[in-house]
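Numbers here are sequence positions counted from 1.
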Amino acid sequence: DLKLFCLSLLSAFILAYTALRIKFYVQKKDILNLPYLQSFMSAVVMGLAISSMHYIAMQAAFFIRAEDLVPNSEVSPSTLAAIVGFIVMVLLILGFIFMFFSSRFASVKQRIDVILANTTQGFIVLDEEHNIVQSNAAIEKLAGLSKVELKQKKLSEWIDNAEIFNRDQFQSEQRIFRQNGSTIPCLIEGGRVRSDYDNSQFSFAMFTNISEQYQARESLIEREKQFSSLLDSTPDPMLIVNADGVITMVNLQAEKFFGY
């Protein structure tokens with residue numbers, strides 16, 4: 001039966017393609033974080049592909065009795081067996097290729113995850129709706145939130161100005177509102193990227209804790225204010241000139257004295 005034979009090939013192709021895609025889909029959506037379980041799911045579907053091709057093709061075959069040598073099928077059993085064997089070998093080879101490259105991809109992803117997990121900079125990846133799909137331990141520590149809580153919260157709930165994520169490229173100092181009510185000044189750098197794989201658009205951002213720099217800058221500003229107040233409190237006009245002869249600071253008495 002040629003129709004059943006074609007149906008066996010079609011079912012094998014669809015299920016084999018599903019098996020090859022299911023692991024990448026599960027990894028992309030971060031549904032299951034168990035690599036062996038993901039491989040098991042793909043292997044089960046691949047087994048269904050082989051079994052469906054085999055048993056549907058069996059229904060398409062005509063078994064000729066010894067005394068009846070006239071075949072009633074356009075495809076001979078030997079040709080059918082050869083085609084089925086060839087398809088099975090192709091599926092097995094594709095399965096081995098899939099497992100090989102998936103293990104390589106998993107190894108590369110694991111190295112990247114280890115690097116991101118041990119860096120002191122916070123890191124997040126967002127989808128087109130600005131939902132967090134990936135984060136590292138540093139940003140969880142900065143925000144005082146778990147990975148699940150980060151994915152559930154909107155950016156505007158824990159970042160001072162989340163509008164910067166609407167830009168193609170951005171670099172901005174923002175405050176992060178932590179779970180305990182405190183704030184941390186951070187330098188946020190990132191931008192939008194379009195994937196070459198499925199042409200989807202996503203954003204990424206790196207967070208650097210600048211608390212020490214922020215405190216040093218605030219201390220410097222405060223000392224400058226104190227020095228300016230001390231300068232204004234003197235009764236004599238005073239000017240401060242740099243090495244190029246340019247006036248950089250004056251007190252109130254100097255302004256009254258010169259009339260400028």
Side-chain angles (χ1 to χ4, degrees), residues 1-63 73-117 123-136 146-148 150-152 193-204:
D1 190 334
L2 187 59
K3 292 182 179 179
L4 285 177
F5 175 70
C6 294
L7 179 62
S8 69
L9 295 179
L10 180 63
S11 64
F13 175 79
I14 293 175
L15 289 173
Y17 178 79
T18 303
L20 295 174
R21 291 285 298 175
I22 190 170
K23 185 174 181 180
F24 292 107
Y25 177 82
V26 171
Q27 288 178 341
K28 181 180 178 181
K29 297 297 183 181
D30 199 18
I31 300 174
L32 298 171
N33 290 321
L34 302 175
Y36 293 104
L37 184 57
Q38 296 168 0
S39 299
F40 175 76
M41 294 169 60
S42 298
V44 169
V45 179
M46 184 64 75
L48 290 175
I50 298 174
S51 299
S52 65
M53 182 186 65
H54 174 72
Y55 288 106
I56 295 176
M58 283 181 61
Q59 295 298 319
F62 289 90
F63 296 94
S73 173
E74 296 180 0
V75 182
S76 67
S78 300
T79 303
L80 182 63
I83 294 174
V84 172
F86 175 76
I87 298 297
V88 170
M89 291 300 298
V90 170
L91 290 176
L92 289 175
I93 292 173
L94 288 176
F96 283 122
I97 293 175
F98 165 75
M99 293 299 295
F100 173 76
F101 283 106
S102 64
S103 63
R104 294 289 298 271
F105 292 149
S107 177
V108 173
K109 184 178 183 298
Q110 184 179 12
R111 287 198 295 267
I112 295 174
D113 290 340
V114 169
I115 293 173
L116 292 177
F123 177 78
I124 59 172
V125 176
L126 310 116
D127 59 17
E128 295 185 16
E129 287 76 30
H130 288 176
N131 298 314
I132 296 177
V133 295
Q134 186 178 354
S135 60
N136 67 346
S146 65
K147 181 176 293 187
V148 176
L150 276 172
K151 291 183 177 181
Q152 293 174 347
V193 180
R194 187 168 295 277
S195 173
D196 294 332
Y197 175 69
D198 55 4
N199 205 35
S200 61
Q201 183 174 279
F202 61 93
S203 303
F204 72 96

Among all residues two or more places apart in sequence or in another chain, which pass the side chain to side chain contact (heavy atoms under 4.5 Å, CB included) test with L94? V90

In Å and rounded to the nearest 0.5 Å, what is the NZ to CD1 distance from K151 to I124? 12.0 Å

Can you tell me how far CG of L126 sits from OG of S135, rounded to the nearest 0.5 angstrom? 10.0 Å

Residues in side chain to side chain contact (heavy atoms under 4.5 Å, CB included) contact with V44, at least two apart in sequence or another chain: F40

Sequence-distant partners of F202, side chain to side chain contact (heavy atoms under 4.5 Å, CB included), two or more places apart: V125, V193, S195

I need the minimum non-hydrogen distance between E128 and Q201, along with the two atoms involved. CG-O, 2.9 Å

How close do L91 and M46 get, heavy atom to heavy atom, and via which atoms? O-SD, 4.3 Å

Sequence neighbours excluded, which residues qualify as side chain to side chain donor-acceptor pair (under 3.5 Å) partners of S146? E149

Which atom pairs, one a donor and one an acceptor, fall under 3.5 Å between side chains of residues 6-16 and the rest of the protein, sequence neighbours left out?
unit_1 : atom_1 : unit_2 : atom_2 : d
S8     : OG     : F5     : O      : 2.5
S11    : OG     : L7     : O      : 3.2
S11    : OG     : S8     : O      : 2.9
S11    : OG     : S52    : OG     : 3.4

